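Inspection log for the structure reproduced underneath, given as structure tokens.
Owing to the predicted nature of the structure, the values given are computational and were not obtained by experimental measurement. The basis for the numbers below is simple: all heavy atoms, side chains too, and nothing from hydrogens, waters or symmetry mates.
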Amino acid sequence: VKDVYKACGFEADANPDTLSMLTDLEALLEDLLSEIASMSPSYVMQKEKEKEKQRRDKLRQERLAQQQLIYEQRLKKSMERSQAPAKKKLGKQVMFRSAPLKKRVREKKRDTKADQEAADMIYLT
């Protein structure tokens, strides 16, 4: 509240309390609003548009400046990385692990004659 009070042209050296500062600010605001009401509406609209345009331009400039700063920081980091000496790999290199060997499964040859005899024995008994 104190910062706004000073920005509006009041002197905060007398150390007024918050309530009195707000009262003074409200009175000033009402005076300014009554002056705006007495002006021509076209003039007020024109000035509002100008102020809005200035605000947007200021935001755009700030955003562009921020983007430029970020770009420069990234460029600086990139340059530092490129100028830094290459890191040497220390220690034993990790060995490549090959896939385990596939074992061929051999099918045992069945004795078809013995199987036939076993089946006949089960059937006949």
Test item: Leu22 and Glu26 side chains (from C-beta on) under 4.5 Å apart, heavy atoms: no
Looking at Glu48 and Lys51, is there a salt bridge between them, counting it only when a charged N and a carboxylate O are closer than 4.0 Å? no
Shortest non-hydrogen contact from Met21 toward Lys2: SD-CA, 4.1 Å
With rounding to the nearest 0.5 angstrom, report the CG to CG distance, Leu33 to Leu28. 9.5 Å
Are Val44 and Leu29 connected in a single hydrophobic cluster, I mean Ile/Leu/Val/Met/Phe/Trp/Tyr linked by side-chain heavy atoms less than 4.5 Å apart? no
Nearest 0.5 Å, please: how far is CZ in Arg60 from CZ in Arg55? 10.5 Å
Heavy atoms only: give me the nearest Phe10-Asp24 pair and the separation to one decimal. CZ-O, 3.8 Å
Check whether any side-chain heavy atom of Arg56 lies under 4.5 Å from a side-chain heavy atom of Lys53, and answer yes or no. yes
Within 6.0 Å of CE in Met79, more than 12 heavy atoms from elsewhere: no
To the nearest 0.5 Å, what is the distance between CG on Asp57 and CD on Glu62? 11.0 Å
Rounded to the nearest 0.5 Å, what separation is found between the CD atom of Gln83 and the OG atom of Ser78? 9.5 Å
Do Lys77 and Arg74 make a side-chain contact, defined as non-hydrogen atoms from C-beta onward lying under 4.5 Å apart? no
Set out, in order, the CA-CA distance, both residues' side-chain angles and the distance that settles salt bridge (Lys or Arg N to Asp or Glu O under 4.0 Å) for Lys49 and Glu52, then state yes or no. CA-CA 5 Å; Lys49 285 182 181 180; Glu52 185 65 23; over 6 Å; no
Indicate whether the side chain of Glu72 and that of Gln68 have a donor and an acceptor atom separated by less than 3.5 Å. yes
Gln67 versus Leu64: any side-chain heavy-atom pair under 4.5 Å? yes
Does Lys6 come within less than 4.0 Å of Asp3, counting only side-chain N to carboxylate O? no
Hydrophobic cluster membership, Tyr43 vs Ile36, 4.5 Å side-chain cutoff: yes
